[in-house]
Protein chains: 2
Amino acid sequence: MTSLRFFFWFLLISFSASAQKDYKLWLQYHKIQNAAIASEYKSNLQGIVSLGSSATSKISLTELETGISDMLGNKPEVKSVINGENNLIFGAQTNLNSDLQKIFQSDFTQINNEGFIIKSVLLKNKKQIVITGKNDVAVLYGVYSFLRLMQTNKSIKSINIVDAPKTNIRILNHWDNLDRTVERGYAGFSLWNWQKLPDFIDQRYIDYARANASIGINGTVLTNVNANALILTPQYLEKVTALANVFRPYGIKVYLTARFSAPIEIGGLKTADPKDTEVANWWKEKAKEIYKSIPDFGGFLVKANSEGQPGPQNYGRDHVDGANMLADAVAPFGGVIMWRAFVYSEHDANDRAKQAYAEFQPYDGKFRDNVIVQVKNGAIDFQPREPFHPLFGAMPKTPLMMEFQITQEYLGFSTHLVFLPKLFQEVLESETYQKGKGSTIAKVIDGSLNPHKLTGIAGVSNIGNDLNWTGHPFAQANWYGFGRLAWNPYLDAEIIADEWLRATFSNDENFIKPVKDMMLTSREAVVNYMTPLGLHHIMDTGHHYGPGPWVSNLSRPEWNPTYYHKADKNGIGFDRSKTGTNATAQYAAEGEKIFDNLETCPEKDLLWFHHVSWDYKLKSGQTLWNGMALKYQEGVNQVKEMQNTWSKTKKYVDSERYKEVEMLLAIQYKEAKWWRDACLLYFQQYSGKELPVGVEKSTQTLEYFKSLKFPFAPGN
Amino acid sequence: MTSLRFFFWFLLISFSASAQKDYKLWLQYHKIQNAAIASEYKSNLQGIVSLGSSATSKISLTELETGISDMLGNKPEVKSVINGENNLIFGAQTNLNSDLQKIFQSDFTQINNEGFIIKSVLLKNKKQIVITGKNDVAVLYGVYSFLRLMQTNKSIKSINIVDAPKTNIRILNHWDNLDRTVERGYAGFSLWNWQKLPDFIDQRYIDYARANASIGINGTVLTNVNANALILTPQYLEKVTALANVFRPYGIKVYLTARFSAPIEIGGLKTADPKDTEVANWWKEKAKEIYKSIPDFGGFLVKANSEGQPGPQNYGRDHVDGANMLADAVAPFGGVIMWRAFVYSEHDANDRAKQAYAEFQPYDGKFRDNVIVQVKNGAIDFQPREPFHPLFGAMPKTPLMMEFQITQEYLGFSTHLVFLPKLFQEVLESETYQKGKGSTIAKVIDGSLNPHKLTGIAGVSNIGNDLNWTGHPFAQANWYGFGRLAWNPYLDAEIIADEWLRATFSNDENFIKPVKDMMLTSREAVVNYMTPLGLHHIMDTGHHYGPGPWVSNLSRPEWNPTYYHKADKNGIGFDRSKTGTNATAQYAAEGEKIFDNLETCPEKDLLWFHHVSWDYKLKSGQTLWNGMALKYQEGVNQVKEMQNTWSKTKKYVDSERYKEVEMLLAIQYKEAKWWRDACLLYFQQYSGKELPVGVEKSTQTLEYFKSLKFPFAPGN
């Protein structure tokens, strides 16, 4: 009977499995299998002592109780005072007794307001573990960090950790509309149920805050950058306040997107000119109104004069005028303006990649202190791979905030397994050469290259109301990894994958090793089967689902994939070198030289910077055509290998998540082939060459691929 | 510490509680607290024997294993053959051994194909419990029925149940659009993730099928009656097939909505005229195509020539022409056409309530055998209360299907606790007088008044992708209750509430009694605070959220609430008696007489049928104005009482669902007052009278209520 039953197993899973595992993200708190480790934990965690009584302290206590009892199978005693030894004691600096104050005196000088200390200490000759920080939220970060050590089975015997975040704004950008659709959302719809707010607090709001706090995220922009002014009306601000109240004890500040024309749309003014006194006053009053009910309101994120959004240019003003006017409105309350650099002229220029730099670089040093300019990681738009955005090396006097996209707009939606921390790390490690070698993006971002009061990293959220939050179980790792990198932009993706896998699935090395390899390969795989060798933006237009290199009929030139690949009989690629648009000149001299020269330009960025002959010899010795075809095939093969890897994990993973990932990888494999076949058939028209040995031929025609339509693709 | 922690408890709940309880609906399978009952169960359920091996049998087995082991705390032995005594044996008739065949011989003559038998029998002198039916799905119904007995702590010692559904189509209508928005959906968005289908089978599809099977629902219309023809293209049919494959073993057939103009939109034809041979052939080919991949496809639900939908009238044909043409297309495959009677002329008539009858009654007996006409329970549109639809007494030669609305379009969305089986029961018990007294709607529907091959009940689904499926924990009871009434339209709402509460929350009588009372009162409460005494359709227009009796500026007269209440200085109400539109004449003579006469017309329907003076004396002795005001107040008081009742249930309910219902009742109370105040202030303009003693005065002005706007109300 057993074998027959296995055959139908996926029909037979009961409710509970589903709801539990997928929903719990990386906070599974599995029972620890390693007996030695479990026994070490038990002997070191005989009691818990909370030194605080704030809402945040209570969250820390509950989290420790839940985590420790789930992982060890028995509840540690919660004590109201420190007695005996081997307790876990936690509390903020001011709540420590004088002995503890003394012990940590020098450690406290090492950390900022959000940093924490976890140490095994001798207190009155008794061994205790203490988690502390300058306030309760910092302690909460320490608590999650401690639980992570346990989740990953690290020894805590002689624990000694002093850690602090390297950026001060670690924030999710939700492109959530008020009707709950999510622009570029592939995990269902918006978590924010505006209809039931403010009086109904969905448990998900709490669980969302908890998940974010566990990885150090301390801010959230609730609304789409393509903003609706209604969010700033009293009716909605009451709802925003309710969310802010839920998030506050988790250390998460609420931010909103400010529609630049709001003074007209909801304020009854005739203009939104930032130089108009009435307009400036309107924003000042609006800020006052917001801060009255949300005293720790974070500030505004603004997309202005880009893709049809209103902005200061509508009134002959510039980005500085707009940003500074808003900055003045929130400054009295400690608010921040995150002003996006993702803009491009509505009229054709010779290279879209150059526009943000051209527009923003001249403003370096002109923004108010509480403005931070938010720049996408690349100059086009969240491609599977882009060279870093030239602005990162070019505005030393302006705090720049990184904008990553966690949601996979151009990377297979929520059906493709792509571990994005590899992409993020590649960007953060990129050399800007702003102050010579070693001037990495990470150093620009965290203010260590040029000191700034404000530093930050934003991630466009991949979270929706799907039961598993992110659509793909492995997309949870991208949310997790974003948070970890926002905390520490120097973290290695491999460490992140390791942590996440252990916390989410299993500590079994037979599982960890191959699955971690799979994750670490996955980003290169998607580049290979979508846009190898520097190709970019050849996705089908609008929804960006699947290949569309043939699209050439849209009204603005840079909306067309043909604009980006420029394939012709002679070759393929966008010449951004001196012989072309000279976009390379936007990089610091040392970088410019590397990119500009066909020989030194990294092959991964080749067709981004150069138009290259089909017969060009790659480093492998292959011609460009053959090399490109082989890359497409390699991407497909890599996905096949991912499937193989996953098929061997059955015994380490609950059956439901196993099956989910299995189904999703099958889709990814199908779609990787679709990408390979559609792109190669299309480019073959120009190269006029046969596919090299080892590359499978398409079983469909190019016409078939062109005929595919996806009228209700999500997120569009 | 404990007390302080309680204060913050709602911030402190961990992930698991949320995901589990709310998601599991009425299939919680709580551990049985009553020791005597548990011991009886244990001694009678020592082994389980499955006599089948189909996918459906496997579902039955898993369900029994899960249910019994969760409820009893230990797993019964699963045996491959019958040995020993006190086993639970289940299997379809053909899989029974000859001894069992003999035992059940006469019982099998009592049941239809979906009926089941659950009996304690002596087999070879050994006591066994047997669940059987004519096929595996019928057995599955028996299994769920058996588990329900256990969930409600009924004795199974001498069990002897022979039960069969009284209708043959028990179906949910999902008004789900292909972009996953749900028309009149208040529980998130559509479960159907078309983007990821057919290759990704979301666990929720399985859990959805399971929940439906557990209450006997055997069909689902996946798409909105305001249909999109794309669902009939190969791209989407492949996805529909995947869902049908998931649902099949649970006994659930898939149906689709057919857009009447599909032959033009996706077929490339110039017309959709039902008398056109090409059109008829197109539908025949389409049916063939569908049945090739879904052999048990149920058929089509059609909304034609109503609210702008295309239909046969666009070509000068009538409903019979349209329905019969489609019926001929699906007939070779056993398919059914459910043709909606919800139509009304686009041009003003004197009474919208009369139109469906006027249009459809003349067609009685003219439809093909495989057409069933689907009629809303009332002649207007799913109001908190309507007299029954006159068509139910007027088409003896035509099978009529009941259309109930489970989603609370006009009843407070998913924020108001309203137990709808009370409404459904009121309708089903209504006397049509078609064949004299006793000719209830239930008898029209189940074919016992006039025999029909087809019988059915449809419910417009309240299911979405909210974690708890229905938005409000108590709205789950409406899904449950719909299913139970579709199975047996004579079931009492009190029994349904009792079953549901025990299966969902607790068997403790101290919980059951007051909460059941609360549920049974809740429907009258919503009538009282929204539309007492026969008032109807005075909701704000478009979204139907909140009161809008003042709306009078919409282009079609019957879109305006003022059309329905007709309040003036003299009185209020819609005169549908002989002195008015004579809609009463659409009822059978005996019913007509009752409704037509102001003295005999039930007061609950008074203003539906009569325009009544403000000074009219009600049976209570109160004037109409005072009586109406007191009803509004009574509704508010009833909600207050519901809050009181719920506040005493803390110890019987998990903290999360307790808190959810508490928050929702607080909203309901606030909104009940809003309804009372807005309506009374508005109607007071006409009555010119003071509020009677006992009715609270509004703290807001009428202008304030009129100013409220809800631009992103869901479901609109």
Side-chain angles (χ1 to χ4, degrees), chain A residues 1 4-5 8 10-20 22-25 27 53 55 58-59 61-63 66 78 80 178-181 186 188-189 194-196 199-201 203-204 206-207 210 230 246 249 413-415 465-467 471 656 660 663-664 666-667 670 710-714, chain B residues 1 4-5 8 10-20 22-25 27 53 55 58-59 61-63 66 78 80 178-181 186 188-189 194-196 199-201 203-204 206-207 210 230 246 249 413-415 465-467 471 656 660 663-664 666-667 670 710-714:
Chain A
M1 192 119 209
L4 254 173
R5 282 174 58 204
F8 289 99
F10 101 91
L11 289 172
L12 300 172
I13 298 160
S14 76
F15 278 20
S16 44
S18 154
Q20 275 182 299
D22 256 349
Y23 187 79
K24 285 170 86 173
L25 297 164
L27 297 165
S53 60
K58 287 171 209 320
I59 291 166
L61 179 60
T62 306
E63 199 68 49
T66 308
V78 177
S80 52
L178 299 186
D179 64 2
R180 296 187 70 186
T181 58
Y186 313 105
F189 293 79
W194 299 111
Q195 152 75 10
K196 283 183 173 163
D199 295 321
F200 185 77
I201 301 300
Q203 177 66 29
R204 283 197 95 142
I206 301 162
D207 295 340
R210 176 184 175 226
L230 280 179
V246 172
F413 292 8
S414 62
T415 24
N465 72 344
D466 271 5
L467 212 60
E656 189 181 330
E660 280 177 9
M663 290 186 282
L664 290 164
I667 298 175
K670 193 160 103 173
F710 305 95
F712 293 102
Chain B
M1 194 121 207
L4 254 172
R5 284 175 55 204
F8 288 100
F10 100 91
L11 289 172
L12 301 172
I13 297 161
S14 75
F15 278 21
S16 45
S18 155
Q20 274 183 297
D22 257 348
Y23 187 80
K24 286 171 85 174
L25 297 165
L27 297 165
S53 60
K58 286 169 209 321
I59 291 166
L61 180 59
T62 306
E63 198 69 48
T66 308
V78 176
S80 52
L178 299 186
D179 64 1
R180 296 187 69 187
T181 57
Y186 313 105
F189 293 79
W194 298 111
Q195 151 75 12
K196 283 185 173 163
D199 295 321
F200 185 78
I201 301 301
Q203 177 67 28
R204 282 197 96 142
I206 301 164
D207 295 339
R210 176 183 176 227
L230 280 179
V246 172
F413 292 8
S414 63
T415 24
N465 73 343
D466 271 6
L467 212 61
E656 191 182 328
E660 280 177 10
M663 289 186 282
L664 290 164
I667 298 175
K670 194 160 103 174
F710 305 95
F712 292 102

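Naming: A, B, ... by sequence-line order, numbering from 1 per chain. This structure is a prediction, so every number in the text was calculated from the model and none was measured.
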Side chain proximity check, B:Leu467 to A:Arg204, heavy atoms < 4.5 angstrom:
yes
Who among A:Phe413, A:Phe710, A:Trp194 has the most heavy-atom pairs with chain B under 4.5 Å?
A:Phe413
The interface call for A:Glu63 against chain B, heavy-atom contacts under 4.5 Å, is neither
When the 4.5 angstrom heavy-atom criterion is applied to A:Leu178 and chain B, the contacting part is both
With no hydrogens and no angle check, is any side-chain donor or acceptor of A:Lys670 less than 3.5 Å from a backbone partner on B:Asp199?
no
Quick check: closest heavy atoms across [X] and [Y], and the distance to 0.1 Å?
X        : Y        : result
A:Lys196 : B:Ser414 : NZ-OG, 2.9 Å
A:Phe189 : B:Asp179 : CZ-O, 3.7 Å
B:Gln195 : A:Pro714 : OE1-CD, 3.5 Å

What's the separation between atom OG1 in A:Thr415 and atom CZ in B:Phe200, rounded to the nearest 0.5 Å?
9.5 Å
